[in-house]
Number of protein chains: 2
Amino acid sequence: MSQVQLAKQLRVSCESCSLSELCLPRGLTVQEISQLDDYIERPRKLDPNTQIYQPGDKFFGFYAVRSGGVKTYLTKKTGEQQILGFHLPGEIFGLDGMEHNSHRCYASTMDNTSYCTIPFEKLDELCAELPDLRIQVYKLLGHEINCDHSHQLLLGQQTAHERLATFLLSISSRFKHRGFSPTSFMLPMSRHDIACYLGIAVETVSRLFKSFQQQGIVKINRKQVDILNMDLLTGLVANCEESDSL
Amino acid sequence: MSQVQLAKQLRVSCESCSLSELCLPRGLTVQEISQLDDYIERPRKLDPNTQIYQPGDKFFGFYAVRSGGVKTYLTKKTGEQQILGFHLPGEIFGLDGMEHNSHRCYASTMDNTSYCTIPFEKLDELCAELPDLRIQVYKLLGHEINCDHSHQLLLGQQTAHERLATFLLSISSRFKHRGFSPTSFMLPMSRHDIACYLGIAVETVSRLFKSFQQQGIVKINRKQVDILNMDLLTGLVANCEESDSL
DNA sequence: TTGTGAAAATGACATGGGTCAAGTGTATAA
DNA sequence: TTATACACTTGACCCATGTCATTTTCACAA
């Protein structure tokens, strides 16, 4: 098989895979891709609301969402959960296990979900040899850190309107980035999850969605969202972040 | 010079250095330590309220606080800042620059402050050769991520009392970790900064400090804090985090 | 020692969004 | 087709915390 054919085959196996961000771009050679590809465990399928890991579980490696959606969250002893992040197809999670080789938070599916895993030990070994892969891993971790920082700004300084608008814009831009419509999409998470992510009450989410609709900014039917006026939506967060969104 | 002597000398140069966490422990060999030590730029001293970097600045590498204190923060366009983290002597900051090779947030001193820097490119080169150093870097990044997650839980789910109590306990345990008293210490930051970190108003910080004092939990005089009853203080956050503190 | 400005504390008041309690819709199963 | 349960919505009420105005304290300079 020629190098080109090999590349094509590998690309097919990873192209729609959520780890593609990690392994495909940035000029890795065919051989390098092949090496990494060998270690990736092929997709597993899970039902909605299935726990993937919880605090204390051993850290195996990174997870990459292929379809569906995953939430990661911490809880108070009283049960309230703070959702740390939503992970859509093409996105990575599981990084919370790196510090102590065991996870610190929960991860569970929000929908029928499939994902790949890449064992951290293998990834680390490859990193020793592949400078470009190392850079990719740094960028991945840096991205997580920057997302967390934006979330801190949201939770600490934004009003409820601003939070919800920021949330919609974030989902929109992430769908766009993956080649889907940025103005018409299905939310993979419940109102409850949105509330827990934004640090507000479910009732507030309902009321604000209603208010946004009355202003003609969006049209919302259950989980179907249509953004009717992107400018107005952007206007709601105009004073929030100095830098461009993630 | 014998290997032992060399080790001793290097240890002296890094022992009290904030990067010691990164380079000294975990069985690096004398030679490995020496290699890393060569790249570390020796301390710079800055006045209080001096900006170290701001969004858009080129990312050079990690910073390690030797004395004083540093805050990292994001701002809204209207000027409110959300403090992302306080960095005490022995702690690292600057990781926000990794994703795009430029910083996303501000960093500035809160006090007379000195710090070392380690250029990221050099660190990365060494990582290729030193598996133990690589592990250290992963743990460092994992720690930042886990701290950010705890901060998200605080900002999203805790009441003002719980936030302030959590904050005091965090500072206390970090002083303890560095060998200082966990019950009697000087806060390096202003009330304003505490408020911005906790996502509450300065006035609320004042009122809660007073309330904590009236309950006999702490004694506070300006920036001097004495924790009188650690159990009571811990009790205030009893329902907050499931897992142990960071 | 006194003067000056910033930080912190205090008091009075306002309100965003939480809480509680019904309702309404919708998807799945019998 | 109807029953059931759960997600979501809506309304009424209220409280923790923000906002604004004022006073006090402290650090430092003259």
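Just the heavy atoms: all of them, side chains too, but no hydrogens, waters or symmetry mates, feed the values below.
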Whole Å only: how far is the CG atom of A:N49 from the C1' atom of C:dA27?
-> 15 Å

Angle class for the B:Y115/B:F93 ring planes (parallel below 30°, perpendicular above 60°, tilted otherwise)?
-> perpendicular

Return the polar atom pairs (N/O with N/O) between nucleotides 4-12 of chain D and the protein under 3.5 Å, or none.
| from | atom 1 | to | atom 2 | distance (Å) |
| --- | --- | --- | --- | --- |
| D:dC8 | OP2 | A:R191 | N | 3.1 |
| D:dT9 | OP1 | A:R191 | NH2 | 3.3 |
| D:dT9 | OP2 | A:R191 | NE | 3.0 |
| D:dT9 | OP2 | A:S206 | OG | 2.4 |
| D:dT9 | O5' | A:S206 | OG | 3.2 |
| D:dG11 | N7 | A:R207 | NH1 | 3.0 |

Closest nucleotide of DNA chain C for A:A160 versus for A:N221: which of these residues is on the 5' side?
-> A:A160

Give the rounded distance in Å between these two atoms: CE of A:M186 and C1' of C:dA27.
-> 13 Å

Quick one: B:L164 CG to D:dA16 C1', roughly how many Å, whole number?
-> 15 Å

Tell me: CD of A:Q224 to P of C:dT26, nearest whole Å?
-> 14 Å

Under 30°, 30 to 60°, or over 60°: which ring-plane class applies to A:F209 and A:F212, parallel, tilted or perpendicular?
-> perpendicular

Counting distance only, does the side-chain N/O of A:R191 pair as donor-acceptor with the main-chain N or O of A:V202 below 3.5 Å?
-> no

Should A:M230 and A:L169 count as side-chain neighbours, where that means a heavy-atom distance under 4.5 Å?
-> yes

Within the structure, does a side-chain N or O atom of A:H161 lie under 4.0 Å from either OP1 or OP2 of C:dG17?
-> yes

In whole angstrom, give the distance that lies between atom CG of B:L198 and atom P of D:dT17.
-> 12 Å

B:K58 charged N/C atom sitting above B:F60 aromatic ring, 6.0 Å / 45° | yes

For A:D57, which residues count as a side-chain contact (heavy atoms from CB on, under 4.5 Å) partner, sequence neighbours excluded?
-> A:Y53, A:Q54, A:H103

Within this structure, what is the CD1-to-P distance between B:I200 and D:dT19, rounded to whole angstrom?
-> 12 Å

Measure from CG on B:D193 to P on C:dA6 and round the result to the nearest Å.
-> 16 Å

